[in-house]
Amino acid sequence: MKPFKLAARESHEGDTLIEINSSRGTVKIGEGYCTVIAGPCAVEGREEYLSIARALADMGVHLLRGGAFKPRTSPYSFAGLGEEGLKILAEAREVTGLPVVTEVLDTRDVELVLGYVDVLQVGSRNMQNFSLLQEVGRTDKPVILKRGFAATMEEWLLAAEYIMAAGNPRVILCERGIRTFENYTRNTVDIGAVSMIKELSHLPIIVDPSHATGRWKMVRPVAKAAIAAGADGVMIEVHQCPECALSDGKQSLTPENFAVLLEDIKKLAEVEGKKI
Ligand code: PEP
Ligand code: MN
């Protein structure tokens with residue numbers, strides 16, 4: 001018997017479709033759709049964020065991302081603008097009409113974050129923070145659950161199960177690369193996980209080629225591979241000036257490079273029979 005129940009394929013007819021309402025319409029993630037999430041790693045300032053948000057909305061992105069609370073390896077690195085960042089995200093949502101997603105790092109911040117954004121993100125480093133999983137499970141917002149960088153697929157699905165068992169069925173899995181012996185890339189992308197998860201679960205699965213590779217030049221090929229492998233979408237870091245970014249500049253695309261990738265994604269989505 002499988003250790004997970006609510007997340008198991010057998011517990012749901014067909015694939016799950018998650019709907020997020022916004023003033024532009026309903027954004028759909030899952031069954032039959034290819035969803036594109038984009039934005040900078042972190043919200044760095046009001047003008048900067050609103051400008052990239054407008055550019056991405058004009059290109060046709062479905063959901064905006066931006067971290068207000070950043071999990072940084074060093075305590076001396078830029079850790080995000082906190083509530084000020086959340087306010088900027090909420091303003092970007094007003095201006096563009098697009099829903100926004102941000103990471104919640106701590107159970108103590110869940111209520112605060114809920115007041116500003118449409119989708120919560122649990123990051124790789126917190127995938128097994130069980131009290132955080134339960135806390136986001138008690139909300140009514142969709143949750144993007146990133147795979148722990150050393151987590152097996154079973155552990156990842158059990159983390160999803162925590163959120164679902166607490167009452168929230170709207171979980172979106174995100175493959176973001178795992179740690180291996182290879183160190184040319186920041187992580188090693190597990191493309192095979194996309195099809196394995198599809199076999200095991202009805203939940204939507206997206207791929208984050210930015211954190212998975214750590215190198216902007218690899219983002220386009222890996223994003224394409226993800227869609228071809230059957231992912232329900234991609235999450236991509238885009239920055240107006242990657243070399244000036246306060247975090248993850250090396251893996252961020254310029255808006256121009258992102259526009260090129262978006263055209264590829266549209267073509268591939270069509271081949272896969274998915275709406276975009
Ligand atoms: C992020 O998406 O901003 C992030 C920190 O990613 P991860 O948790 O996958 O490292
Ligand atoms: Mn990042």
Side-chain angles (χ1 to χ4, degrees), residues 29 35-44 48-49 52 56 61 63-75 77-82 85-86 88-89 100-106 109 113 117-129 132-133 136 142-151 153 155-156 159-160 163 171-180 185-191 193-194 205-216 218-219 222-223 226 231 233-254 258:
I29 308 186
T35 308
V36 180
I37 306 171
C41 178
V43 180
E44 298 176 357
E48 295 90 328
Y49 194 80
I52 190 85
L56 293 170
V61 159
L63 217 125
L64 296 171
R65 64 154 284 146
F69 296 96
K70 296 302 303 173
R72 301 308 300 276
T73 303
S74 161
S77 301
F78 174 65
L81 299 178
L86 297 175
I88 296 169
L89 286 167
V100 294
V101 54
T102 204
E103 176 166 357
V104 56
L105 271 184
D106 193 299
D109 299 328
V113 172
V117 303
D118 305 278
V119 179
L120 304 174
Q121 178 173 313
V122 172
S124 189
R125 289 154 193 81
N126 264 323
M127 192 208 79
Q128 283 188 316
N129 179 338
L132 182 62
L133 297 174
V136 299
V143 179
I144 294 181
L145 176 65
K146 300 194 97 180
R147 181 180 184 175
F149 52 70
M153 289 185 233
E155 287 162 340
W156 187 16
I163 299 173
V171 179
I172 300 145
L173 300 166
C174 179
E175 162 62 39
R176 48 77 73 209
I178 50 176
R179 186 166 284 185
T180 67
T185 51
R186 186 174 179 187
N187 292 286
T188 297
V189 62
D190 188 2
I191 285 289
V194 176
I205 174 166
I206 62 171
V207 173
D208 166 353
S210 308
H211 293 89
T213 62
R215 291 171 174 257
W216 73 267
M218 290 180 75
V219 169
V222 171
V234 284
M235 171 146 80
I236 294 171
E237 288 186 338
V238 185
H239 197 285
Q240 297 279 22
C241 171
E243 58 284 8
C244 334
L246 298 180
S247 61
D248 289 350
K250 287 199 178 81
Q251 66 194 37
S252 298
L253 296 184
T254 59
F258 176 71

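One-based numbering, in listed order, for ligands and for the atoms of each.
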(request) Report the distance from atom CD1 of Ile205 to atom CG of Leu145, rounding to the nearest 0.5 Å. (result) 10.5 Å

(message) Which residue and atom name correspond to the protein heavy atom nearest atom 4 (C) of ligand 1, and how close is it?
(response) His211 NE2, 3.5 Å

(request) Using a cut-off of 6.0 Å, state whether more than 12 heavy atoms not belonging to Arg179 lie near its atom CZ. (result) no

(request) Apply side chain to side chain donor-acceptor pair (under 3.5 Å) to His211 and list each qualifying residue two or more places apart in sequence or on a separate chain. (result) Asp208, Glu237, Asp248, Gln251

(message) Against ligand 1, does Gln121 come closer than 4.0 Å with any heavy atom?
(response) yes

(message) Using every non-hydrogen atom in the two residues, find where Val189 and Ala212 come nearest and quote the distance to one decimal.
(response) CB-CB, 3.8 Å

(message) Closer than 3.5 angstrom, by distance alone: can the side chain of Thr35 be matched with the main-chain N or O of Gly233 as a donor-acceptor pair?
(response) no

(request) Could you please tell me which protein N, O or S atoms lie under 2.8 Å from the Mn ion (ligand 2)? (result) Cys41 SG, His211 NE2, Glu237 OE2, Asp248 OD2

(message) Show the atoms of ligand 1 that are less than 4.0 angstrom away from any heavy atom in Gly123.
(response) 8 (O)

(message) Starting from atom 8 (O) of ligand 1, what is the nearest protein heavy atom, named by residue and atom, and what distance separates them?
(response) Ser124 N, 2.8 Å

(request) Report yes if Glu103 has an N/O atom closer than 3.5 Å to an N/O atom of ligand 1; otherwise report no. (result) no

(message) If the cut-off is 4.0 Å to any non-hydrogen atom of Arg125, which atoms of ligand 1 fall inside it?
(response) 7 (P), 8 (O), 10 (O)

(request) Would you check the N or O atoms of Asp208, main chain and side chain alike, for any that come under 3.5 Å of an N or O of ligand 1? (result) no

(message) Could you check whether any side-chain N or O of Arg65 sits under 3.5 Å from a backbone N or O of Val100, counting only pairs where one atom can act as donor and the other as acceptor?
(response) no

(request) Identify, for atom 9 (O) of ligand 1, the protein heavy atom at the shortest distance, and state residue, atom and that distance. (result) Arg176 NE, 2.6 Å

(request) For His239 and Ser252, work out which heavy atoms get closest and say how close. (result) CB-CB, 4.0 Å

(request) Please list, chain by chain and in numerical order, all residues satisfying side chain to side chain contact (heavy atoms under 4.5 Å, CB included) with Ile178, sequence neighbours excluded. (result) Arg147, Thr180, Asp190

(message) Taking side chain to side chain donor-acceptor pair (under 3.5 Å) as the definition, give me every residue that meets it alongside Glu155, ordered by chain and number, with sequence neighbours left out.
(response) Thr152

(request) Between Glu175, Lys146, Arg65, flag the one that comes closest to atom 6 (O) of ligand 1 by a heavy atom. (result) Lys146

(request) Give a yes or no answer on whether the side chain of Glu175 reaches the backbone of Gly177 with a donor-acceptor pair at less than 3.5 Å. (result) yes

